[in-house]
Amino acid sequence: MFYHITKKVPFRKFHYDANFSKVSTVTNTKLITDYFYQGFPAKARQVFDEMPHRDLVTWTSMISGYTSNAYHSDALALFRDMLAAGVTPNAFTLSSVIKACKGMDLQTSGEMLHAQAVKHGVDRQEYVENSLLDMYAMCGRSMSEARAVFDCLMEKSVVSWTTMIAAYTHHGDGHAGIHLFRQMIQEGVELNQFVCSIVIRACASIKNRILGKQMHAATVKSGHDKVLPVGNSIVDMYCRCMSLLEAEQYFNEMHEKDLITWNTMISGFEQAIPQVALSLLIKMGSNDVTPNCFTYTSIASACANMAVLNCGRQVHGTIIRRGFVGNLQMGNALVDMYAKCGSIGDSQKVFNEMSRKDLISWTSLINGYGIHGYGKEAVELFDEMIISGIEPDSVAFMGVVSACSHAGLIEEGLKYFNLMKTEYNVLADREVYGCVVDLLGRAGKLTEAYELIQRMPFKPDESIWGALLGACKMHKNAKLGKIAAEEILNLKPKGAKTYVILSDIYGSCKQWDEFAETKKLIKETGSKKEAGMSWIELRDEVCSFVVGDTISPYTVSIYKTLRVLSKHMNDSGVVSDFNALQHNFEPVTR
DNA sequence: ACTTCTCGGG
C-alpha cells in the first residue's frame, strides 16, 4: 500500500535522516508511477512537488508518466527543469522525452535530444535507438531518414520492426509496411500484439481483405486477438475492406469491448449503412459505454449520409450539451452534415463559429457550396482560404473545380485546374481529372473532354468515361457517346446503366435503328439498371421514392404534383430533359 | 522504483 509522505514528516530531524529520506524517495516515486498509471497526473505532480528530495528516477518517472498520459509539453518542460537542477539524464529519461517530441511533432527538439544521447553515451542503447527511430519516422516528411537509421541498426528488435511498419502505414504506404512485415517474418522474429495490430491496420489501409483475414487467423492462433487494440484493428479492417458482415460477426463475438471498439464500428458503418451507426449509438449507451467526440463526429456523418436534417439538428443539440463543439473534427463533420442535409445556412454558421479551422473545414464548406450550386461562393471561399495561409490539396481543388462545374463556371474551373501544377505543385489525381472531364463535358466541350481523357497520366476508369457519357447524353452526341459506352463496357461488361444511357442518347438523336439495337441488347443481357432512390424527411418519418414506384402510399399525389411542377416549368420556359426519359418509362399510376 | 512499438474522426 502506498501512502503520501511529505516534508511535514517529523522523523526527518533524527540521525537516520539520510536513510529515511532515501526510503521516502523510493516510496514516493512508486506513488508517482502509480498515480500516472491510474491516470491522475495532477496527483502525481503534487507528490513530486512536495517531495523533500528527488533523484534521477523520480524525475524520469514524472517525465515518462506525463508522456504516457499524452501530457507531452509538460514532459518536455519538466525535462528542462531537470537539466536546470543539474541532474544528468539516463537512457530511461531520454527515451521518454524523445517520445514526447514525437507526440508533439518536434523533430528539431528530437534532434537536440539525439545529440544529448550521444553526449551521454546512450544513443546505441536499444530503447533510445527505437524511440529515436520512431521520432524520425513519424516527424519526418518522408521515410528516407528513418529508413537509413533502421538499416544501420546493429540489432533489429521486434520493436524496431513495428516502429517502421507503423510509420510506413501512417505515411499512407501500407504496401511498404506489409513488405517489411514479410521480411520480419523471414528473419524469424516472433509476433507480438503491437505487430499484429499494426499489420492488420496496414491491410485495412490498402483494403486487402484476404491478407487481413490471414492476419486475423494468425492472431487467433497466437492468442493476440484477445488484446483489445488487436481486436479493434480486426473490426476496423473488416469495415474498411467493406466486409461489414464479418465486422459485425467479429464484433459480436468479442468478449470485451471498449469505447474504441464501438467507435470503430460506428465509423465503419457510417457511410455504407448509416442507420446501423445510429442504432449502435443507442446500443452502446445501454452497454454503459459513454460516447465521446469521436463517436459524435461519425454520428454527424451518418446523419449527413442519410440527409436527415431534423435528426442532424437533434444530434447537434446533444453535441452542444456534451460540450464537444470546440473540437475541430467535430466542427468539420457538422459543416459537412448541414450541407448534405440541405441547410447550407447552418453549414456556414457552424463554419463561422469555429475557433480553429483547418484545410478540411474549408474544403467541407467549399464542397457544400458546390452541392448547392453556389459556384461563385465556392470560388470566393477558396481564395479566402488561400489568403488565410492554408495550403490546398487535391481534395480542395476537386471541391472548387466541381463547384465550378455544377455552376457552369467553365473558365474559373479550368483556371484552378491549371493553378494546381503551376502555382501549388499539387498533383491532380484521377478524381480531379474526372471533375475536369465533367466540367468540359457539361459545357459541351466534348472533344476537349475526350482529348483530356486520352492525355491524362492515368488509365481512365469507369467514372471518368461515365462523366463523358453523361455529357454526351446532355449534349446529344452519339458518336463520342458510343466510344465512352464501349470503354465502360470493356471495364464493366454487364453494366445495364451504360446501355440505358446510350439508348437515351440514340433516342434523343433520333437514331432509331441504333436505339432499337441497344434496347435489344439490354433485354438480352437480362440485367436491370439499379433504380436511383430519393428520400425526404416527413415529420418523424423518412419517405423514399424510386422510379416507377407503385408501393408508396403517396404515389398518386406524387405524380399529380409532378405534373403541376412540369407544367410550371414549361410555362416559365425551362427546357426539361423529359424527352430522353419518355423512352424508358411511363409514370405508373394506380 | 523509471524507458521504445498497436486501435477510432473529410
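Below, chain A is the first sequence line, B the second, and so on; all start at residue 1.
Counting non-hydrogen atoms under 4.0 angstrom, A:Lys102 reaches the backbone sugars and phosphates but no base. Within the 4.0 angstrom heavy-atom criterion, no nucleotide atom of any strand lies near A:Asn367. At a threshold of 4.0 angstrom between heavy atoms, the contacts of A:Asp258 with the nucleic acid are absent. Contact annotation for A:Ser298: no contact, since no heavy-atom pair falls under 4.0 Å across all strands. If you check every strand for non-hydrogen atoms under 4.0 Å, A:Asp393 touches a base. The residue A:His170 sits close only to the backbone: its heavy atoms come under 4.0 Å of sugar-phosphate atoms, none of a base.
The salt bridge (charged side-chain N to carboxylate O under 4.0 Å, His left out) pairs that include a residue from residues 161-187 of chain A number zero, where partners must be two or more places apart or lie in different chains. Sequence neighbours left out, the pairs with a member in residues 222-245 of chain A that pass salt bridge (charged side-chain N to carboxylate O under 4.0 Å, His left out) are A:Asp236-A:Arg240.
A side-chain N or O of A:Asp438 and one of A:Ser405 form a donor-acceptor pair less than 3.5 Å apart. With hydrogens and angles left out, the side-chain atoms of A:Asn367 and A:Ser364 include no donor and acceptor closer than 3.5 Å. For the residue pair A:Glu248 / A:Tyr238, no side-chain donor-acceptor distance below 3.5 Å is found, with atom types taken as modelled.
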Show which side-chain atoms of residues 73-84 of chain A pair as donor or acceptor with protein atoms under 3.5 Å away, not counting sequence neighbours.
none

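Scanning residues 150-160 of chain A for heavy-atom distances under 4.0 Å to DNA chain B yields A:Val159. Residues from residues 85-93 of chain A placing a heavy atom under 4.0 Å of any atom in DNA chain B, listed by number, are A:Asn90, A:Ala91, A:Phe92.
Taking the ring centroids of A:His114 and A:Tyr136, they lie under the 6.0 Å cut-off. Ring to ring, A:Trp362 and A:Phe382 are not that close: their centroids are 6.0 angstrom or more apart.
When atom types are taken as modelled, the side chain of A:His372 and the backbone of A:Ala339 share a donor-acceptor pair closer than 3.5 angstrom.
Running 5' to 3' along DNA chain B, contacts with non-hydrogen atoms of chain A at under 4.0 Å begin and end at B:dA1 to B:dG10.
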